[in-house]
Each structure stands twice: as structure tokens, then as C-alpha cells.
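Counting from 1, the numbers follow the sequence of the chain as shown.
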Amino acid sequence: QAMIMPKMYLYRPGKSDRVWIQNQMLHIPKDKQQATADEYERLFRNDPLHVWNSRRAANNYLLNVSREYRQEAYVQKNQS
């Protein structure tokens, strides 16, 4: 099953968050990816007049979610 990605994120010639988002989504379990992508899109679309603020909020959200799962995986790995 393919990784689920947000449909909306920053993409401009020479500047895109796609690879960074993919790298974060890799750490999120498949069954949580759709909800995470949906919330990312909601935050990204939240303030169309201030896209940089919305982008920052969406990226911070995604970073925190992926960090949580990375930390969980690290703890489980080191407990065995």
C-alpha cells in the first residue's frame, strides 16, 4: 500500500515541501497517515492570505506527529 500524503502543501518552482513531508510521513503508521494528512491539509488551508503562517503550522504539526512515532519506535527498540 502506498504512503498517504497530503494533497496540498507548498510547491513552487525551486521550493517544495514534498520530500520533507514524505520523510516525516515514513515514520507515521499506515493506519494513521490519512488522519495526519487530512489535519495537515486543514492547517495548511487555514489562512490563505498568510500562507507562510499556515505552512509553518502544518509543518510543525507534522513534525510533532512524526517525532512522537519516532520516539515511540526508539523506546520500543531499546527495551528489547
Side-chain angles (χ1 to χ4, degrees):
Q1 188 182 27
M3 181 188 333
I4 296 170
M5 288 277 293
K7 292 176 186 72
M8 297 181 71
Y9 52 84
L10 181 77
Y11 179 80
R12 293 187 178 162
K15 181 145 189 83
S16 171
D17 288 340
R18 181 179 174 84
V19 171
W20 183 84
I21 290 170
Q22 284 177 321
N23 287 336
Q24 302 311 309
M25 294 297 282
L26 281 173
H27 301 286
I28 298 169
K30 295 266 189 234
D31 64 329
K32 306 288 186 197
Q33 287 180 0
Q34 186 63 62
T36 303
D38 291 347
E39 180 63 8
Y40 182 95
E41 289 177 24
R42 187 189 72 75
L43 290 166
F44 188 79
R45 289 192 313 254
N46 194 39
D47 191 356
L49 295 177
H50 303 98
V51 71
W52 297 107
N53 292 340
S54 297
R55 174 187 179 229
R56 184 179 312 115
N59 284 350
N60 283 340
Y61 163 76
L62 184 56
L63 180 61
N64 288 332
V65 172
S66 71
R67 187 179 285 152
E68 197 176 301
Y69 287 110
R70 280 195 310 264
Q71 189 172 16
E72 201 174 282
Y74 176 82
V75 168
Q76 287 176 357
K77 179 181 168 188
N78 289 302
Q79 283 180 343
S80 49

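- Leu62 is connected to Trp52 through a chain of hydrophobic side-chain contacts under 4.5 Å among Ile, Leu, Val, Met, Phe, Trp and Tyr, so both are in one cluster.
- With hydrogens and angles ignored, the 3.5 Å screen pairs no side-chain donor or acceptor of Asn46 with any backbone N or O of Arg42.
- Taking CG of Leu63 as the reference point, atom CD of Glu68 lies at 11.5 Å (rounded to 0.5 Å).
- Between Lys30 and Met25 the shortest side-chain heavy-atom distance does not fall below 4.5 Å.
- At a cut-off of 3.5 Å, with distance as the only test, a side-chain donor of Gln34 or Asp38 sits close to an acceptor on the other residue.
- The line from CZ of Arg56 to CG of Leu43 is 13.0 Å long, rounded to the nearest 0.5 Å.
- For the atom pair OG of Ser66 and OH of Tyr61, the computed distance is 10.5 Å after rounding to the nearest 0.5 Å.
- Remark: Arg45 CZ to Tyr40 OH distance equals 12.0 Å, nearest 0.5 Å.
- Looking only at distances, a side-chain donor or acceptor of Ser54 sits under 3.5 Å from a matching main-chain atom of Asp47.
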Under 3.5 Å, side-chain donor or acceptor atoms of residues 3-13 against the rest of the protein: list the pairs with distances, not counting sequence neighbours.
unit_1	atom_1	unit_2	atom_2	d
Tyr9	OH	Arg18	NH1	3.0

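- Between Glu72 atom CD and Lys77 atom NZ the span is 15.0 Å, to the nearest 0.5 Å.
- Of all the heavy atoms in Lys32 and Ile28, the pair that sits closest is CB-CG2, 3.8 Å.
- Here the CZ-CD1 distance, from Phe44 to Ile21, works out to 8.0 Å after rounding to the nearest 0.5 Å.
- Looking at Val19 and Gln22, their side chains come closer than 4.5 Å, going by heavy atoms from C-beta outward.
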